[in-house]
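Convention: sequence-line order gives letters A, B, ...; per-chain numbering from 1. Here the structure is a predicted model, which is why all the values come from computation and not from measurement.
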Amino acid sequence: MSLSPAAVKELQRILGPQGLVTTPEGRLVYECDMHTLYKGMPDAVALPTRTEQVQAVVDLCRRERVPVVPRGSGTGLIGGAMAPRGGVMVSLNRMDRILDIDLANRCATVQPGLINLWLTRAVSDRGYFFAPDPSSQMVSSIGGNVATNAGGPHCLKYGITTNHVLGLEMVTGRGELVRLGGKAMDRPGYDLTGAAVGSEGTFGLVTAITVRLLHAPEAVKTVLASFATIGEASETVSDIIAAGMIPAALEMLDAVIIRAINAGIGAGYPDRAGAVLLIELDGPTAEVEVQGERCAALCRRHRALEVRVAHDEAERALLWKGRKEAAGAVGRLTSSYLLQDAVVPRSKLPQIMREMETIAARHGVLIANVFHAGDGNLHPLICYDDRKPEELARAVRANEELLHACIELGGSVTGEHGVGVDKAENLTLQYSEADLNFMYRLRRVFDPDGIMNPGKLLPSHPACAEGFRPSRPVLPTGAWI
Amino acid sequence: MSVSTRSIEGALAEIVGRERVSAEPRLLVAAAIDGRPPRWVVSPGALEQVAAVLALAHDEKLAVAARGSASALDLGRPPARLDAVLDMRGLTRVTEDNPDDLTVSVEAGITAGALAARLAARHQWLPVDPPGWQSRTIGGLVATNAHGPLRARYGTLRDLLLGVRFVQAHGVSTWGGARVVKSVTGYDVPKLMVGSLGTLGVLTELTLRLHPMPESELTWLAAFPSAAAAQAFVACVLDSTLQPSRVELLSGAALRACAATPARAAVAIAIGSVEAAVRDQGALVEDFARRAGGGAAVAPATFWERYDRAFARGDGEMVLQVASLPSRLADTVDAIERGQEGLGSGAAVMITGCAAVATLRVTLTGAELEGAARFIERLRAFVGDFGGSVVIQSGPIALRAGLDPWGPLDPATLALMRALKDEFDPHRVLNPGRFVGGL
């Protein structure tokens with residue numbers, strides 16, 4: 001299914017001299033996203049600046065029956081923005097304008113390539129912000145956030161991307177430009193906006209997004225507590241939620257990460273701490289004061305070694321510093337790791353953390369944890385040395401066991417990173433054949449020719465839905481190596 | 001024909017039990033939708049029975065409408081066909097309850113009131129409160145995406161439905177979403193089911209996100225000399241750090257209906273938090289109200305009960321759901337009140353609704369049919385200019401037969417919706433004809 005010379009010429013005509021990358025060197029940077037183990041080079045990369053160009057590219061690809069793979073900033077963690085079957089990658093970075101800011105109606109309309117944080121920067125002086133805050137928000141695009149239905153630390157209170165998307169303009173796999181939802185609520189008919197968010201480019205290419213903006217809270221209170229054991233920290237998390245408090249963020253770091261951070265930037269966490277909890281409350285001043293006290297008391301009840309409260313923005317930044325540096329600190333621990341994104345019911349945190357210790361011991365692997373404890377969204381980093389295939393094999397087994405354990409507890413395969421190619425086969429853990437069949441058919445409605453980001457989000461299966469049966473992975477498990 | 005009819009009835013009885021299938025004329029008439037009685041009323045007693053009934057219906061090309069409390073049966077167009085009414089009120093179990101996770105899974109037929117009673121004991125709630133919510137079923141609330149004053153803070157069921165089990169048109173029980181509060185595994189199927197009026201599947205089990213009940217809550221009633229002043233107040237509230245749980249607009253007539261102090265327009269604003277924060281925010285509310293040219297005072301504790309009683313469905317009413325924009329709130333209220341004159345003598349219009357997102361509920365009483373149709377069309381033209389919509393929530397069949405209760409949809413979007421329906425229900429088993437575009 002590679003591109004014909006005539007098709008390349010047509011693409012050049014659509015996109016102009018600066019709008020198409022066809023050289024092997026030029027395409028090389030597009031062969032993977034942040035999940036660098038999955039590689040697939042597109043035959044051409046389109047760099048549109050206008051919606052009409054996007055539509056023309058999709059039209060051409062439909063005629064030529066070649067895959068269309070959307071890409072934002074390429075910061076995804078699931079192999080979603082790479083082209084396993086070649087075709088045309090549509091990189092939307094050049095469509096990065098804010099089209100409309102409408103504070104009277106607390107919303108904005110942006111192009112998909114706009115960087116997440118830029119939107120908040122554009123409205124923060126007037127007291128507003130865009131709530132979804134993936135750790136990549138300095139570089140990830142809002143279009144990419146919509147594709148993966150991205151989360152972030154503050155999604156505990158504010159919800160994930162879908163809760164903040166009011167409308168979409170999208171070129172569907174049927175080649176039509178549709179406007180779904182909009183500034184006014186409750187558009188009659190099916191909630192296609194809601195269905196499209198998180199569809200990872202398999203329904204079409206989003207060309208404009210109307211998002212909700214929130215007013216910044218009156219006060220923010222950040223509490224950092226360290227514990228001797230991760231069990232005590234996990235029980236504290238469960239108790240905070242059970243006590244009826246929904247902090248803005250509730251993040252946990254385990255002993256492995258704490259030591260790595262202390263060895264680097266030195267966020268000042270106690271060395272003997274087995275876990276650190278970062279609790280952030282926001283809202284009316286009186287509310288965060290009272291709830292801050294209650295959270296601190298719960299920490300102490302679970303024998304916290306230390307409870308620190310930030311009193312100003314500088315202290316708050318210091319408490320967050322370690323959390324923000326965690327990913328970098330991991331580099332000091334290991335050359336490579338497998339990253340998981342499974343979710344457990346938050347009341348099951350103590351249990352899953354115990355099971356994780358057992359799994360790590362059984363397979364002799366080091367597992368580091370830094371995650372969104374408040375919503376039960378784990379991010380275990382399963383470390384291995386990429387020069388030792390046997391170590392990788394053990395990491396893979398530990399990873400699988402852990403995922404199974406999460407599902408057994410009533411959890412979910414992915415909380416915020418998305419499915420991509422990375423987790424596609426794992427969907428069978430969570431969904432029955434009938435459930436998946438519904439999803440295949442839903443996809444077919446938006447993309448009857450099967451050209452939109454093929455091979456992503458759902459387990460691979462024969463071309464059409466009715467005869468679905470589990471089959472080989474898109475990429476063999478061996479692709480880890 | 002009669003042989004086949006008898007054999008279908010027999011098959012239904014085999015699935016659910018003889019006592020759960022009725023073809024008694026009196027009951028059929030009572031179960032009519034828009035004057036069209038079904039051939040059978042089937043009351044499943046277990047989730048598996050719903051699947052078996054649908055499979056049968058699919059084979060026999062029957063039209064099936066699921067119903068809960070019957071409070072929203074006149075939402076949408078009159079049905080194109082109707083063979084079986086599936087009465088879901090027998091499915092009331094709580095299938096999974098995780099108080100410490102703030103999640104609960106329930107069967108579709110449980111009433112919101114029964115669920116609320118269970119949740120209140122642990123200071124949690126499902127914050128969905130359309131007027132008359134207590135007697136409505138959770139499945140019905142989800143299928144109609146019903147909402148009330150609390151959407152100002154908590155959103156709608158779109159934001160609260162985590163997972164959903166439904167039976168597809170061909171009788172296959174299907175699950176979408178998750179039982180945890182955060183999941184992006186696969187497509188967001190729950191979103192597709194919210195507000196779909198049972199046209200893609202019969203909802204059988206729902207997993208819901210709960211919220212902690214605020215430990216303290218007070219409501220202020222802010223009264224204004226005009227809708228414009230009320231809008232200015234709301235704009236002030238939204239552009240502040242206040243975190244109100246309800247920001248409900250009430251027109252003068254709506255205020256009278258709840259026996260509140262008369263005014264041209266008012267906003268009932270509830271603050272739920274810890275006690276000190278409620279007090280602090282209340283002071284701001286009063287200040288904002290004064291600055292907008294009105295005044296706010298604490299409302300009696302029974303205010304929301306009175307509100308609920310006043311706007312739970314009454315006979316002979318027409319109810320419209322109007323989606324406007326916060327920046328056009330006063331314009332929209334004025335347009336509605338101006339249009340009142342064409343409704344005939346003795347007609348009255350009450351406006352309530354969530355001012356924070358400008359979703360208004362317009363209740364017409366004593367309106368003439370033709371006048372009401374013209375009123376709706378003019379209102380559609382007005383709010384349509386800025387992307388708003390007017391849906392007839394309830395009203396006489398004659399009104400909804402002549403005028404699309406859903407209003408116009410963009411053709412490309414409707415084509416996509418039609419493709420969706422064609423894919424999942426090609427034989428039009430599920431609630432045929434009632435949804436947008438006659439789907």
With a 4.5 Å cut-off on heavy-atom pairs, point out which of [options] contacts chain A the most.
{"options": "Val278(B), Asp410(B), Thr199(B)", "result": "Thr199(B)"}
{"options": "Val189(B), Asn98(B), Leu197(B), Val172(B)", "result": "Val189(B)"}
{"options": "His123(B), Gln168(B), Arg179(B), Arg122(B)", "result": "Gln168(B)"}
{"options": "Val357(B), Val391(B), Val383(B)", "result": "Val357(B)"}
{"options": "Ser273(B), Gly388(B), Ala178(B)", "result": "Ser273(B)"}
{"options": "Arg279(B), Arg328(B), Gln281(B), Arg165(B)", "result": "Gln281(B)"}

Where does [X] contact chain A at under 4.5 Å (heavy atoms): side chain, backbone, both or neither?
{"X": "Met193(B)", "value": "side chain"}
{"X": "Val181(B)", "value": "side chain"}
{"X": "Asp422(B)", "value": "neither"}
{"X": "Val436(B)", "value": "side chain"}
{"X": "Tyr187(B)", "value": "both"}
{"X": "His211(B)", "value": "neither"}
{"X": "Ala358(B)", "value": "neither"}
{"X": "Leu439(B)", "value": "side chain"}
{"X": "Leu238(B)", "value": "both"}
{"X": "Gln321(B)", "value": "neither"}
{"X": "Thr359(B)", "value": "side chain"}
{"X": "Ala235(B)", "value": "neither"}
{"X": "Arg151(B)", "value": "side chain"}
{"X": "Ser389(B)", "value": "side chain"}

* To do: Count the heavy atoms of every other residue, nucleotide or ligand shown that sit under 6.0 Å from CD of Glu408(A), and state whether that count exceeds 12.
  =>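 No.
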* Would the number of heavy atoms belonging to other residues, nucleotides or ligands and lying under 6.0 Å from CD of Glu275(B) be above 12? ->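 Check fails, neighbour count at 12 or below.
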Please state whether the side chain, the backbone, both or neither of [X] comes within less than 4.5 Å of a heavy atom of chain B.
{"X": "Val413(A)", "result": "both"}
{"X": "Asn163(A)", "result": "both"}
{"X": "Leu180(A)", "result": "side chain"}
{"X": "Tyr431(A)", "result": "side chain"}
{"X": "Val344(A)", "result": "backbone"}
{"X": "Arg443(A)", "result": "both"}
{"X": "Arg106(A)", "result": "side chain"}
{"X": "Ala195(A)", "result": "both"}
{"X": "Leu214(A)", "result": "neither"}

Name the member of [options] that forms the most heavy-atom pairs with chain B at distances under 4.5 Å.
{"options": "Gly415(A), Cys155(A), Ala184(A)", "answer": "Gly415(A)"}
{"options": "Val178(A), Val419(A), Thr414(A)", "answer": "Thr414(A)"}
{"options": "Glu176(A), Lys423(A), Arg294(A)", "answer": "Arg294(A)"}
{"options": "Asp435(A), Val290(A), Asn377(A)", "answer": "Asp435(A)"}
{"options": "Asp239(A), Leu192(A), Ile160(A)", "answer": "Leu192(A)"}
{"options": "Ala104(A), Gly189(A), Gly198(A)", "answer": "Gly189(A)"}

State, yes or no, whether a side-chain contact exists between [X] and [Y] at a heavy-atom distance under 4.5 Å.
{"X": "Met417(B)", "Y": "Leu409(B)", "result": "yes"}
{"X": "Leu416(B)", "Y": "Thr172(A)", "result": "yes"}
{"X": "Lys421(B)", "Y": "Tyr190(A)", "result": "yes"}
{"X": "Ser238(A)", "Y": "Pro350(A)", "result": "yes"}
{"X": "Thr148(A)", "Y": "Val184(B)", "result": "no"}
{"X": "Val123(A)", "Y": "Ile101(A)", "result": "yes"}
{"X": "Leu156(A)", "Y": "Pro247(A)", "result": "yes"}

* To do: Look only at the side chain of Arg346(A) and the backbone of Gly374(A), and say whether a donor-acceptor pair between them is shorter than 3.5 Å.
  =>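 Yes; judged by distance alone, with no hydrogens or angles, the pair exists.
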* Name, in order of residue number, those residues of residues 155-163 of chain B that have a heavy atom at a distance of less than 4.5 Å from a heavy atom in chain A; otherwise write 'none'. =>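 Listed by number, the contacting residues are Arg158(B), Asp159(B).
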* Taking side-chain contact (heavy atoms from CB on, under 4.5 Å) as the test, write out the residues that go with Asp404(B), two or more places apart. =>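 If we apply the side-chain contact (heavy atoms from CB on, under 4.5 Å) test to Asp404(B), skipping adjacent residues, the hits are Arg77(B), Trp406(B).
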* **Separation of Ser199(A) OG from Leu168(A) CG (nearest 0.5 Å)** =>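 Rounded to the nearest 0.5 Å, the CG-OG separation comes out at 8.5 Å.
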* Asked: Are the charged groups of Lys183(A) and Asp100(A) less than 4.0 angstrom apart, N to O?
  ->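 A salt bridge links Lys183(A) with Asp100(A).
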* Asked: Is Arg179(A) paired with Glu169(A) through a side-chain N to carboxylate O contact shorter than 4.0 Å?
  ->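 A salt bridge links Glu169(A) with Arg179(A).
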* Sequence neighbours excluded, which residues qualify as side chain to side chain donor-acceptor pair (under 3.5 Å) partners of Ser347(A)? ->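 Result, side chain to side chain donor-acceptor pair (under 3.5 Å) vs Ser347(A): Asp101(B).
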* Distance-only side-chain donor-acceptor flag, Asp186(A) / His147(B), under 3.5 Å ->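 Yes, a side-chain donor-acceptor pair sits under 3.5 Å.
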* **Side chains of Ser412(A) and Gln430(A), donor plus acceptor under 3.5 Å** =>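 Distance-only check passes for Ser412(A) and Gln430(A).
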* Asked: What pairs meet the side-chain hydrogen bond (donor to acceptor under 3.5 Å, both in side chains) rule with one or both residues in residues 151-162 of chain A, with sequence neighbours excluded?
  ->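 Every pair satisfying side-chain hydrogen bond (donor to acceptor under 3.5 Å, both in side chains) with a residue in residues 151-162 of chain A: Asp133(A)-His154(A), His154(A)-Glu280(A), Lys157(A)-Asp282(A), Tyr158(A)-Asp282(A).
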* Would you call the rings of His372(A) and His379(A) parallel, tilted or perpendicular, where under 30° means parallel and over 60° means perpendicular? ->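 Correct class here is perpendicular.
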* To do: Describe, in one word, how the ring planes of Phe438(A) and Phe424(B) are oriented to each other, choosing from parallel (under 30°), tilted (30 to 60°) and perpendicular (over 60°).
  =>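 It falls in the parallel class, under 30°.
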* Looking only at non-hydrogen atoms, find the nearest pair between Pro134(A) and Asn145(A) and report the distance. =>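 Here Pro134(A) and Asn145(A) meet closest at CG-ND2, 3.8 Å.
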